[in-house]
Number of protein chains: 2
Amino acid sequence: MKVLSKGCVYGLRALLYIVSEKPREEYVNIREISEELDISFHFLTKTFQSLTQKGILRSYRGPNGGVTLDRPPEEVSLAEIILTLEGEDFFDKCLLGLAGCGQAAPCPAHEFWIAHKAELRAEFERTSLADMGRKINKEKLRLGP
Amino acid sequence: MKVLSKGCVYGLRALLYIVSEKPREEYVNIREISEELDISFHFLTKTFQSLTQKGILRSYRGPNGGVTLDRPPEEVSLAEIILTLEGEDFFDKCLLGLAGCGQAAPCPAHEFWIAHKAELRAEFERTSLADMGRKINKEKLRLGP
DNA sequence: CAATTTTAAGATAAAATAGTATGAAATCTT
DNA sequence: AAGATTTCATACTATTTTATCTTAAAATTG
C-alpha cells in the first residue's frame, strides 16, 4: 500500500530536516539539504518550488540564499503538504479507479471508502509539521527506503 | 491516492461480475468475462491464476471450462482478495517508505499510520464479496477508468 | 485425435516516476 | 559594474513499474 510518491516523501523528509535541525527563519541552502539527506539536488529543487508557490516555504536567491518555512510549523498540516505535492485531487479517487464513481453512481466500495478517506484526511489535517518534528528520529531521516 | 493496482481492480471487477451475473458453481468462460468487462484476456488470465491458487476461484480446463467461485461469496473478504493480488505485505508499508521504520525506530508518522492501516484492514476484512455484489451497479462494472 | 480452454513463462510495449541538463533571474560581494 | 552564487523554470532523458502480447504446454471433451 504505497500511498505517497517519492517526490512527496522527499519533500516531507526535507521539511522535517529544516524543522528539526535549523533555527526558524534561517535560509537553508538546498544543496546542503540534498547532500545531508541523500536526495538529488535538482529533484529536490523541483519539489521545493511547489512548496514555495504554495506558501509553505519562502525562498531567497543569491549567496547565502535558500529556503525557510514561510509560517510557523504549527500552522502547516501534513494534509497541506501532501495535497501540494500529490495534487489537490489526492482524496478524491475511487477505490476501484472508476471515473464515473460518485454520489449518483457509487461503486460497491464507494460508501465506506469515502468515509475512510474523510477520516484519513482529518488525521492528516490535525497533524502539523511541528507535531512530526517532535517525533523525529534524526538518524532515520537520512536513511532512504 | 491510488491504492490498488490495475490487476487488483480487474480481479475485483471480474469477481463482482461472476457473483452478480452468474449462478453459483457455474464455470464461466474467461474470454467472455474479458470481453464483457473490456479487460485484456491474457492479463485477466494471469490475475485469475493467483485467485485460483489462493482457493478463491476454482478452474476447469477444456471445452465449457472456465472459473467459478470456490467458496460462497459470503466467505470471501475484500481483504483476502486484495492481499492475494497486491501481496501479503500490503498493510505493512511505512507511510514515508522507510525500510527501517517499525516499533523500534518509528518514523514520525508511524503511530497514527499503523492505527489507520489496522482500521482499514478491519473494514476490508468485514466486507465480503457478497456484500459488494449486493451494492453493485451493473452498468458501471464495465466502464473503465 | 482434433478442438477447446486454462496454465505458464517470457518478451514486448506503454505509462508513470525519477533524475539530469541547461540557462535565466535574483542577489550578494568586491 | 562585474563576477560569483544560488534559486527558478523548463525541457529532456533514463529508469522502473505496470500492462499487454506471444507462444507453447497441459487438461478436458467429443
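We name chains A, B, ... by the order of the sequence lines, and we start the count at 1 in each one.
Note: CZ (A:Arg31) to P (D:dC8) measures 14 Å, nearest angstrom. Straight-line distance from the CD atom of B:Glu26 to the C1' atom of C:dT5: 16 Å, rounded to whole Å. For A:Leu44 and C:dA18, the CG to C1' distance is 13 Å, given to the nearest whole Å. Straight-line distance from the CG atom of B:Leu51 to the C1' atom of C:dT7: 14 Å, rounded to whole Å. The CD1 atom of A:Ile18 sits 13 Å away from the C1' atom of D:dT7 (whole-angstrom rounding). Protein atom CD1 of B:Ile30 is 13 Å distant from nucleotide atom C1' of C:dA8, rounded to whole Å. If you measure from atom CG of A:Leu4 to atom P of C:dA16, you get 19 Å, rounded to the nearest angstrom. Across the protein-nucleic acid pair, A:Arg13 atom CZ and C:dA18 atom P stand 13 Å apart, rounded to whole Å.
Taking the six-membered ring where the residue is Trp, B:Tyr27 and B:Tyr60 present tilted rings, their angle falling between 30° and 60°. Under the 30°/60° scheme for interplanar angles, the aromatic rings of B:Phe124 and B:Phe91 are found to be tilted.
Taking only side-chain nitrogens and oxygens, A:Gln53 comes nearer than 4.0 Å to OP1 or OP2 of D:dA9.
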Next item on the list: If a protein heavy atom is under 4.0 Å from the base, mark B; if only from the sugar-phosphate, S; if neither, -; do that for nucleotides 12-23 of chain D going 5' to 3'.
Entry: -------SBBBB

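Hydrophobic clustering (side-chain heavy atoms under 4.5 Å, transitive across Ile, Leu, Val, Met, Phe, Trp, Tyr) groups B:Leu16 together with B:Phe43. At a threshold of 4.5 Å between side-chain heavy atoms, the hydrophobic network of Ile, Leu, Val, Met, Phe, Trp and Tyr places A:Ile114 and B:Leu120 in two separate groups.
The stretch residues 80-104 of chain B participates, sequence neighbours left out, in these side-chain hydrogen bond (donor to acceptor under 3.5 Å, both in side chains) pairs: B:Ser5-B:Glu86, B:Lys54-B:Thr84, B:Arg71-B:Glu80.
When ring centroids are compared, A:Trp113 and A:His110 stay outside the 6.0 Å threshold.
Between A:Arg13 and A:Glu36, none of the side-chain N atoms (NZ, or NE/NH1/NH2) sits under 4.0 Å from a carboxylate O, so this pair counts as no salt bridge.
For the pair A:Arg24 (side chain) and A:Leu69 (backbone), a donor-acceptor distance under 3.5 Å is present.
Of the residues in residues 58-69 of chain B, those placing a heavy atom less than 4.0 Å from an atom of DNA chain D are B:Tyr60, B:Arg61, B:Gly62, B:Pro63, in numerical order.
Within a 6.0 Å radius of CD in B:Glu32, other residues, nucleotides and ligands contribute more than 12 heavy atoms.
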